[in-house]
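Notes follow once the structure below has been shown.
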Amino acid sequence: MHIKTNKKTGSLNAAALFLPLAMGLVAPTTAQEDEEPADEWFVLQGGDVHTGTGAVLRGASVLSKNGKIDEIGYDLYIPEEAEILDVAGYRVYPGLVAIESRGLFGGSSDLANSVDPFSKNMVLALSAGVTTARNGSEVAKLRAGHIDGLVLTSGVLPGLSYSKSNPSGKRTLRQKFEVAVQYLEVYAQWEIDKKSDKELKEPSDKGVDSSILRYLRGEARPVFSASTRTDLLEIARLAQRFGFRPIINGCQEGWIVADELGRAGASAIITARDRSTKGEELVRTGGSSIENAAILHRAGVSVTIIPSSAGISLGGIVGRDLMHLTIEAGFAVRGGLSEKAALDGITIEPARLLGVESRVGSIEVGKDADMIVTDGDILHYQTFVQWAVVSGEVVYDKEAELFFAHIRPRPKSALSPEERVDAGETEDEEIEEDSDDSDSSDEGGEEGDDKGDGTFRP
Amino acid sequence: MLIPLLLAWTPNPALQAAPDLPDLYALKASVLETGTGEVIEHAVLLVEGGKVITVGEDLVVERGIPVYELEPNQVVMPGLVNAYTRVGVTGSGPSGVQPWMRASDELYPAAGDYAKAREAGVTTLGHYPSGNGIPGRSVVVRPMGASADAMTLKDDAYLKVIMSSSKSAKSSLSGGFKDADSWIAKEAKNKEKWDKAKEKFDKEDDEEKKKKLDPGPYKPIKEDPKATSFMELRDGSLKALISVRTAGDYLHLIDAIGEEKFSWDLRVVMTRDMNIYHVIEKVAESGRRVVLEPEISLHPGTMRQRNLPAEFARAGTPLVLVPRNDSISGFEAWRRHVGEIVASGLDRSIAVRAITLEPAALLGVGDRVGSLEAGKDANILILSGDPLEPGTQVDAVILEGALVSGEMNL
């Protein structure tokens, strides 16, 4: 009880004392805060910025404002309140995009309401550099610690089947395309006729597959899972006949029919280490090739790379799970793909296929500040992600998590500047220690401060 | 409801066996834990009419008042308060959103567990309704009394809410408030309609016509028990105890609450590798109480031990500790388990408070039970030693001034 009353009087006194001050100073600032929250600034300072658009800016800084990249370059004006992460000597890459993932978000679907933003798998995926991933039909950012601003889009990668193992399905799909094309022709004619005859009725789209209309109008791209040469050729022909751009998942024998796929404007989702052999009875070339990604890319097929398991696996499939997305891309490079194309294949290309390329996939002004900081080439097996930044906030720090902190620990000197011990600071400490001995020297120390650190010594 | 009423006449054998204490008496103990965290040495406690009259160090006791001098090793503390238990009630409830249901309807005064609960030193129990979702309201009882009413200390103590990272759990909370809004809107419309009719009626001068226009007395629309419960939450007459398992659940809870303002406390279900530590700071800032079990958990994916109750306490969160197992044996091991987490870092006075005064405050009966202070119920435990030491026995239990377990000699 005593404490309570004391507190009360204490706070009353304080209020009385500071009331005029508060009226004068606090009131206007609080009013401002009500209007709009303060901007949040974040800087990745002094790293080698691989923007993902082909440019490498050595020792540059990336300034983000409220989660969006505001400026990239040198000698930027950095607001005082900005949070600065000194990454001199490190590389900065766009956050990686996983075209497929399982179990990263804790929740199954409806991520906005079911995500577990502290899930271990999310941290592990961030440690592998992944900052955006598709989960079912949703595309979400790995915003560890937050449940908002997560889902970028949903309803992505609509699937279609067109395989020789299902001939009747093939026929049905072809017919659907024919119906849709006919409808589009009638519709185009109506648009012309409408100009002369305003009464003319709009043609009915009854019986026309609406999603196929979207593919034909270029509003979406269907995904086929296909790997054999025959299926790939058939898909390429279908696409060229009706005029849409297919995405092909698997695409193991794509290297054999790369030209056809390129002409059809196809995109491929590839696992560089996929292995299969052709049937021995076949005379033609077949099976998988380490050169698959390289050959397809040369033929104009955009290549997206994904490991054979899209989950996080600490046993069994080790080395082929989502934590080894960059290793998988490295294998594509081994097969002849350029490093630039390999990086694209795990950043901007998957972002395009998922329709989120305006938000993520490269470091460009206006895009989300989703970046990773590595201690070496992203495609090198020894490289670790040191920090992952999502929406202008550090969501992964190798030293702060248990998983890899002990493997090749970050050198202390590379820590942020305030933690560096330099000669000046040691001197200051000595002064403090000396002045602690007696009260008189303590006072002296305070006076000396005005003259500057160098001039006064007890 | 019928069964408890019938059994209300059955005399309770355990109660009769204990010899009665006088109406007015004093206890002298070498150590007394008040429950607020304070420890009084050479304490004197005066009880009259089942209430604590005064408590203090070396107080002079008026001649004629019987004084029970305790052994030097014995320690006095307030009766334990278990805010989250179903020991004594056995019903099972359906899951879903039924905020109007009451655990008090399940009370069964003759349940043998109450006598065992008293023996274990638990003198106040907060019974929660079973079921998932928002299954109903809890009731605070004393483990004694011949009828449900005689047992009840306070009904509607808190609304039980189970929150998880799912759309259904989130919308059962936010949807409840929406229901309240739509009920209020409907009611307002109804009132408006009646007001207009009344106005028309009042303006009419012609007696004949006036008769036809009479809207009659105002009739509000039918009460919606779900909407009413959420309105009670809003106006503060009902509070909520919300259970979560993970840090993610907590964020989803905050998201589900949104702008809504109501009084609630948090319960964290203990699991082996729980990650609630991610939001300890956030919880502490919110100022909510946290109900935990006195258990050492493991940092996820490791064998590193974490003392989450201690971490919450250090962050400034008012702590409520409930037994690890909701059973009589759990009650018996309760103090020992609390002792274990004190040994590994939890502040001792916070720990004692977390099993006495803090749970009483959570249940809304902090002004009656939970501590040994003047004016409060004389719920007293006499222990054979330090309450948190393993091996310390409950020598005697006094419930509202009366001896209900053990022996006391002048």
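The figures that follow rest on heavy atoms only: side chains count, while hydrogens, waters and symmetry mates do not. A quick note: this is a predicted structure, and the numbers were derived from the prediction, not measured. So that the names make sense, note that chain A is the first sequence line, chain B the second, and so on, each numbered from 1.
Salt bridge annotation for R348(B)-E33(B): present, with a cationic side-chain nitrogen under 4.0 angstrom from a carboxylate oxygen.
For the residue pair Q305(B) and H299(B), no side-chain donor N or O sits within less than 3.5 Å of a side-chain acceptor on the partner.
Only the side chain of K170(B) comes within less than 4.5 Å of a heavy atom in chain A; its backbone stays farther off. At a 4.5 Å heavy-atom cutoff, S168(B) makes no contact with chain A through either its backbone or its side chain.
The candidate with the highest count of non-hydrogen atom pairs below 4.5 Å against chain B, out of I147(A), N113(A), V115(A), D116(A), is N113(A).
Within the 3.5 Å criterion, the main-chain N or O of Q386(A) finds a donor-acceptor partner in the side chain of R410(A).
Other residues, nucleotides and ligands contribute over 12 non-hydrogen atoms within 6.0 Å of the CD atom of E57(B).
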